[in-house]
Amino acid sequence: RKEFVDLYVNYMFNESVQKPFEDFKRGFSRGCPTKKWKMFLPGELQTVLEGHVNYDWHCLEKNVNYINYQKSDETIKNFWNVFHRLPEEKKKMFLAFLSGSDRIPATALEYFVFHIADPKVEDPDTYYPFSNTCSLILSLPR
């Protein structure tokens, strides 16, 4: 029985998926050459591909550039006051709204800069905040 189970497990996890995996690996390596990845330790490679999972939300606040706002504006003070009171999962959801990912890029949080802009609309009460994920701009009506 043990031999049968060992052979069956080997077939299911190795042999049956070998051809599809090799095809995937060949295509993936064509777009992302894996030879250069050998310089990374497994944890480092995971960070490069997925981003950081350690967050310093106060550092994030320090990295913001303001467009048509000052850090001392009431809207900005209220924004950060509410933001810092959010639970961790909601903060990650905000990060995903802002950047398209709930992770900090591999370059580290110190280099993750985003912008908060005033869209200068006539009636700000009729507009919701919106984000330009490519440029990392949060448009926050007053």
Side-chain angles (χ1 to χ4, degrees), residues 2 4-142:
K2 183 179 178 343
F4 173 78
V5 170
D6 289 344
L7 290 171
Y8 183 76
V9 167
N10 182 51
Y11 175 76
M12 292 304 290
F13 288 120
N14 297 316
E15 294 176 20
S16 69
V17 296
Q18 186 171 359
K19 172 78 170 102
F21 178 76
E22 289 298 324
D23 293 341
F24 169 79
K25 182 180 173 185
R26 187 172 47 257
F28 186 80
S29 295
R30 199 177 293 160
C32 298
T34 58
K35 290 179 184 174
K36 295 180 181 172
W37 294 2
K38 291 181 181 177
M39 70 175 144
F40 295 109
L41 295 172
E44 293 171 333
L45 182 58
Q46 183 176 5
T47 300
V48 167
L49 295 175
E50 295 179 356
H52 289 281
V53 292
N54 298 325
Y55 306 95
D56 179 353
W57 300 112
H58 292 283
C59 184
L60 181 73
E61 180 181 357
K62 291 175 188 171
N63 293 347
V64 175
N65 291 328
Y66 298 101
I67 302 170
N68 299 321
Y69 272 122
Q70 298 296 319
K71 188 174 184 170
S72 59
D73 287 342
E74 195 66 28
T75 303
I76 298 300
K77 286 180 182 178
N78 289 337
F79 171 81
W80 287 114
N81 188 23
V82 169
F83 179 82
H84 288 300
R85 290 182 180 177
L86 292 173
E88 191 73 9
E89 279 306 308
K90 295 287 186 181
K91 290 176 183 175
K92 290 178 187 177
M93 289 172 69
F94 168 76
L95 192 58
F97 173 73
L98 174 68
S99 67
S101 173
D102 66 347
R103 305 238 176 155
I104 301 295
T107 55
L109 189 59
E110 294 80 29
Y111 304 106
F112 183 77
V113 177
F114 76 97
H115 310 278
I116 296 179
D118 180 359
K120 293 202 173 208
V121 292
E122 285 186 29
D123 186 9
D125 290 334
T126 61
Y127 288 86
Y128 292 111
F130 60 93
S131 175
N132 180 333
T133 57
C134 295
S135 302
L136 297 175
I137 299 174
L138 173 67
S139 293
L140 184 66
R142 291 185 181 269

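The basis for the numbers below is simple: all heavy atoms, side chains too, and nothing from hydrogens, waters or symmetry mates. This one's a predicted model, so the numbers in the text were calculated from it and none came from an experiment.
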Output every pair passing side-chain hydrogen bond (donor to acceptor under 3.5 Å, both in side chains) with a member in residues 12-25, not counting sequence neighbours, ordered by first then second residue.
N10-N14, N10-E15, K19-D23, D23-R26
What pairs of donor and acceptor atoms, side-chain ones from residues 97-105 against any protein atom, are under 3.5 angstrom apart with sequence neighbours left out?
from	atom 1	to	atom 2	distance (Å)
S99	OG	L95	O	2.8
S99	OG	S101	N	3.3
S99	OG	S101	O	2.9
S101	OG	R103	N	3.1
R103	NH1	E50	OE1	3.0

Does Y69 use its side chain to pair, donor to acceptor, with the backbone of L140 at less than 3.5 Å?
yes
Test ring pair (Phe, Tyr, Trp, His ring centres under 6.0 Å) applied to F21 - qualifying residues, sequence neighbours left out:
none
Look at the aromatic rings of F114 and F112 and report parallel, tilted or perpendicular, splitting at 30° and 60°.
tilted
Under the side-chain hydrogen bond (donor to acceptor under 3.5 Å, both in side chains) rule, what pairs show up with a residue in residues 118-137, not counting sequence neighbours?
D118-R142
Listed by chain and number, what are the side-chain hydrogen bond (donor to acceptor under 3.5 Å, both in side chains) partners of Y66, not counting sequence neighbours?
W80
Spacing of CD belonging to Q70 relative to OG1 belonging to T75, to within rounding of 0.5 Å:
12.0 Å
Side chain to side chain contact (heavy atoms under 4.5 Å, CB included) partners for S139, two or more places apart:
P119, F130, I137
Nearest heavy-atom pair of I116 and I76: which atoms, and what distance?
CG2-CD1, 3.8 Å
For the CZ atom of F4 and the CG atom of L7, what is their distance to the nearest 0.5 Å?
8.5 Å
Partners passing side chain to side chain contact (heavy atoms under 4.5 Å, CB included) against I67 (at least two apart in sequence or in another chain):
H115, A117
Can you sort out the partners of E44 under side chain to side chain contact (heavy atoms under 4.5 Å, CB included), two or more places apart, ordered by chain and number?
F40, L41
One should read off an interatomic distance between K62 NZ and K71 NZ, to the nearest 0.5 angstrom, of 8.0 Å
Among all residues two or more places apart in sequence or in another chain, which pass the ring pair (Phe, Tyr, Trp, His ring centres under 6.0 Å) test with F79?
F94
Using ring pair (Phe, Tyr, Trp, His ring centres under 6.0 Å) as the criterion, list what pairs up with F28, not counting sequence neighbours.
F24, W37
Sorted by chain and residue number, the side chain to side chain contact (heavy atoms under 4.5 Å, CB included) partners of V9 (sequence neighbours excluded) come out as V5, F13
Pair K91, W57 - check side-chain contact (heavy atoms from CB on, under 4.5 Å), show working.
CA-CA 8 Å; K91 290 176 183 175; W57 300 112; 3.6 Å; yes
Contact list for residues 75-89, test salt bridge (charged side-chain N to carboxylate O under 4.0 Å, His left out), sequence neighbours left out:
E89-K92
